[in-house]
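Letters go in sequence order (proteins before strands), and every chain restarts at 1.
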Number of protein chains: 2
Amino acid sequence: MNKSEGLSEQAGNETSDLSKARLRAWLQILKVSRKIEGELREKMRTEFNTTLPRFDVLAALYRERDGMRMSELSKSLMVSNGNVTGIVDRLVAEGLIVRMPVENDRRASIVRLTPAGEKDFAERALVHESWVSELFDDLSSSDADALIRILRNISHHNEAPHHD
Amino acid sequence: MNKSEGLSEQAGNETSDLSKARLRAWLQILKVSRKIEGELREKMRTEFNTTLPRFDVLAALYRERDGMRMSELSKSLMVSNGNVTGIVDRLVAEGLIVRMPVENDRRASIVRLTPAGEKDFAERALVHESWVSELFDDLSSSDADALIRILRNISHHNEAPHHD
DNA sequence: TGAAAATATTTCAAACCTAAAATATTTGTG
DNA sequence: CACAAATATTTTAGGTTTGAAATATTTTCA
């Protein structure tokens, strides 16, 4: 029933020490993630006059200069399809991205940065990186590496199983 | 200008390796946090017929059996005051918590679990812990400790400075 | 070919979330 | 005491988010 419980687990011991340690780890991830996200949202608002979700979309499109489909975008950001529609609508209205038809598939559309969007993001990305670096001021190089390694293990375990 | 840059930083080197490592670490935190949060939200919905924010409120009140003020609640959950108002309204409607007047201060109110809310949460908390433990199945005891230590460092650095 | 299934996206309703304004009450100070 | 400042909470407007339903188009296959 509980995959996490190995040979040494005693019957009747409902929540093991390991299980409790994992819960604490999760709550700590959540705490840091909320705190940092809040700080960045505030910076985005006051200094860039934009929002975190919009910045995230621009970042994704900056990595894929030829553009992405709506579904690729939502998958990459790990948010729902419907959510991306609204954010893309606003970024289009701001002139930072465009929707383009897809050859041979009139259901889909490709979204990509406009020159203005590309310029905007390139400038802001550097400032964003400096904000993050300040917020993680106490994170040493070796701790950053350890953190990344541990978290990658967790993501890999929870990777969506792919269809074949 | 950039507190994170030490003596060895070269002028003109706009984003140091350390700064990039920290950015990668942040993006990885965000990725794990979104993935896990999504999985837990889905479980909450399908198996408990509730939402993560509501569960979080119950969890906070379960730790403080005598109840908390609205402001303590929002601070503890790191969300805005207005946000908590709505969630508390819904939990009151569900009969899981109650608002009580505060002696000598008619501005404030204290929120606490009803017996039903206490019972409900106690049962669900165990299941929740087992979900988390499964999602973190690959996280060893020592990695959990390392993760907690590193993340605590980060939270402490970003702790809100207190008023004296 | 032509209907059913699959796919890509948008729309919708409900909830969540924030920042700022509004409301109600208490505290501090002349 | 009066009344300004501070405090606790709610309300409001606008944006974000989800899951499900709706729409449009493409693919599959009998």
Side-chain polar contacts of residues 66-78 of chain A - donor-acceptor pairs under 3.5 angstrom, sequence neighbours left out - could you list them?
{"unit_1": "A/E72", "atom_1": "OE1", "unit_2": "A/R69", "atom_2": "N", "d": "2.8"}
{"unit_1": "A/S74", "atom_1": "OG", "unit_2": "A/S71", "atom_2": "O", "d": "3.1"}
{"unit_1": "A/S74", "atom_1": "OG", "unit_2": "A/N81", "atom_2": "OD1", "d": "2.8"}

Tabulate below the donor-acceptor pairs under 3.5 Å that side-chain atoms of residues 109-123 of chain A make, not counting sequence neighbours, or state none.
{"unit_1": "A/R112", "atom_1": "NH2", "unit_2": "A/R65", "atom_2": "O", "d": "3.3"}
{"unit_1": "A/T114", "atom_1": "OG1", "unit_2": "A/G95", "atom_2": "O", "d": "2.8"}
{"unit_1": "A/T114", "atom_1": "OG1", "unit_2": "A/L96", "atom_2": "O", "d": "3.1"}
{"unit_1": "A/T114", "atom_1": "OG1", "unit_2": "A/A116", "atom_2": "N", "d": "3.4"}
{"unit_1": "A/T114", "atom_1": "OG1", "unit_2": "A/G117", "atom_2": "N", "d": "3.0"}
{"unit_1": "A/E118", "atom_1": "OE2", "unit_2": "A/R65", "atom_2": "NH1", "d": "3.1"}
{"unit_1": "A/K119", "atom_1": "NZ", "unit_2": "A/E123", "atom_2": "OE2", "d": "3.4"}

Listed partners of A/N83 passing side-chain contact (heavy atoms from CB on, under 4.5 Å), at least two apart: A/V79, A/S80, A/I87
What pairs meet the salt bridge (charged side-chain N to carboxylate O under 4.0 Å, His left out) rule with one or both residues in residues 80-89 of chain B, with sequence neighbours excluded? B/D89-B/R99
What's the CZ-P distance between B/R106 and C/dT25, to the nearest Å? 5 Å
B/R63: partners by side chain to side chain donor-acceptor pair (under 3.5 Å), with sequence neighbours left out: none
Partner residues of B/E42 under the side chain to side chain donor-acceptor pair (under 3.5 Å) criterion, sequence neighbours left out: B/R45
Protein-nucleotides 11-15 of chain D N/O pairs under 3.5 Å:
none

Between C1' on D/dG19 and NZ on B/K43, what's the gap in Å once rounded to a whole number? 18 Å
If the condition is side-chain contact (heavy atoms from CB on, under 4.5 Å), which residues does B/R149 pass it with, not counting sequence neighbours? A/D143, B/N153
Reading DNA chain D from 5' onward, which residue's closest nucleotide shows up sooner: A/N104 or A/V79? A/V79
Report each atom pair, protein N/O against N/O of nucleotides 5-7 of chain C, whose distance is under 3.5 angstrom.
{"unit_1": "C/dT7", "atom_1": "O2", "unit_2": "A/R107", "atom_2": "NH1", "d": "2.7"}

What's B/S71 touching, base or sugar-phosphate or nothing? Going by heavy atoms closer than 4.0 Å. sugar-phosphate
How is B/I87 classified with respect to the nucleic acid when contacts are heavy atoms under 4.0 Å: base, sugar-phosphate, or nothing? sugar-phosphate
Output the residues of residues 92-101 of chain B in contact with DNA chain C, where contact means a heavy atom of the residue under 4.0 Å from an atom of the strand; sort by number or write none. none
Looking at the rings of B/F48 and B/W131, which for Trp means the six-membered one, are their centres under 6.0 Å apart? yes
Residue list, side chain to side chain donor-acceptor pair (under 3.5 Å) with B/D105, at least two apart or on another chain: B/R107
I'd like to check the side-chain contact (heavy atoms from CB on, under 4.5 Å) partners of B/I148; sequence neighbours left out, ordered by chain and number. A/R24, A/A25, B/R152
